Participant: 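This is the structure I have questions about; it appears just below.
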Amino acid sequence: MRLTVVGAGSMGAQIAQQAALHGIEVALHDQDEGQLQRARESNQGHLARRVEKGKLSKEEADAAVNRVQLVSDMSEAADRAEFVIEAVFEDLELKRSIFRELDEVAPAGAVLASNSSTMGISKIADVTRRPDRCLNMHFFYPVLVMDLVEIVRGPATSDETVERARDLAREMGRTPVLLNKEIDGFIVNRILHAATQEAYRLLDAGVASFEDIDTAVEKGLNWPMGPFRLGDFSGLDVTYNARLHMYRVTGDERYKPSPKLEAKVKAGKLGRKTGEGWYRY
Ligand SMILES: NC(=O)c1ccc[n+]([C@@H]2O[C@H](COP(=O)([O-])OP(=O)(O)OC[C@H]3O[C@@H](n4cnc5c(N)ncnc54)[C@H](O)[C@@H]3O)[C@@H](O)[C@H]2O)c1
């Protein structure tokens, strides 16, 4: 299997590394050469910690890092690919232009997958001559830890392409789930949004404090983190923007961001990354 990953940011770097840990040869491309180096350094750091903990030998870690080839030219990165995963910025026109170019440079039989969190493949694949070989493969951050891939087929995706995506996810040591239809938020984010929405409703209505809502969810549902702690962990701007996106696409009042969440974001209290969100760090 030869995999090409386009975009070496938070997601692409770890998608490439996760595949390489399972013996897959990967070409990792980014338009920014500095980002390619940062991706490698970050992956080396993650694997070095596994070596320290005795979970991986030094030789295995070095081999896995070296199995990810850094390629600054996209056509060189993709010209022998069997499978391509795109993980560039969440910008529709950018993704369409990348797919247009990949369709030119990648072998005709290669599958083109997008890791987009919000854009169904039908919005992108029509720029290619192979919409049957396009689909979404939605990994979760951090990819080196999170054992799930949502595979979403578009109206034109073939059964064979779905099977190839499932096989790749399993080969990478990840568990695939299949969505037979495109839907905003896929499965996980829809359920997360529903739970988060209810948590904010309880907070806004003065029913309980955010600490007690988190405690209730953590102890009563056995979730590792309540919605407010999870929001701080992922970044409250991420929660806010995701809710705003869902509100705009669906027009559904349930998704309208809570005024308390909006106030946190406007005050720059975004969670762990800024030292304060719902909690102080
Ligand atoms: N961060 C998350 O938690 C998460 C989770 C699941 C899915 N996603 C999705 O994954 C994708 C990437 O997200 P991210 O968080 O890794 O973003 P990021 O900003 O960390 O990385 C994006 C990378 O794309 C590169 N890029 C931009 N334009 C390019 C081009 N023309 N050619 C090559 N490379 C280019 C950038 O240089 C950057 O390194 C998005 O579609 C996002 O919705 C993100």
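Computed from a predicted structure; not experimentally measured. Remember, it's 1-based here, ligands and their atoms both numbered in the order they're listed.
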Participant: For the side chain of R164 and the backbone of E82, is there at least one donor-acceptor N/O pair under 3.5 Å apart?
Facilitator: yes
Participant: Does NZ or CZ of R229 fall inside the cone over Y279's six-membered ring, less than 6.0 Å from its centre and within 45° of the axis?
Facilitator: yes
Participant: Would you find a donor on one side and an acceptor on the other, under 3.5 Å apart, between the side chain of T157 and the backbone of C134?
Facilitator: yes
Participant: Apply the test ring-ring contact (aromatic ring centres under 6.0 Å, His included) to residues Y200 and F228: give CA-CA distance (whole Å), side-chain angles for both, the deciding distance (0.1 Å), then the verdict.
Facilitator: CA-CA 9 Å; Y200 275 104; F228 298 101; 5.0 Å; yes
Participant: Below 4.0 angstrom, N of the basic side chain to O of the carboxylate: do R129 and D103 qualify?
Facilitator: yes
Participant: Might you list the protein residues in contact with ligand 1, defined as having a heavy atom under 4.0 Å from one of its atoms, sorted by chain and number?
Facilitator: G7, A8, G9, S10, M11, H29, D30, Q31, Q35, A87, V88, F89, E90, L94, K95, I98, N115, S116, S117, H138, F139, Y141
Participant: Table please: side-chain donor-acceptor pairs of residues 3-19 below 3.5 Å, with sequence neighbours left out.
Facilitator:
{"from": "T4", "atom 1": "OG1", "to": "A77", "atom 2": "O", "distance (Å)": "2.7"}
{"from": "Q14", "atom 1": "OE1", "to": "V143", "atom 2": "N", "distance (Å)": "3.1"}
{"from": "Q14", "atom 1": "OE1", "to": "L144", "atom 2": "N", "distance (Å)": "2.9"}
{"from": "Q14", "atom 1": "NE2", "to": "H46", "atom 2": "NE2", "distance (Å)": "3.4"}
{"from": "Q17", "atom 1": "NE2", "to": "A64", "atom 2": "O", "distance (Å)": "3.1"}
{"from": "Q18", "atom 1": "OE1", "to": "R174", "atom 2": "NH2", "distance (Å)": "3.3"}
{"from": "Q18", "atom 1": "NE2", "to": "H22", "atom 2": "NE2", "distance (Å)": "3.4"}
{"from": "Q18", "atom 1": "NE2", "to": "M172", "atom 2": "O", "distance (Å)": "2.7"}

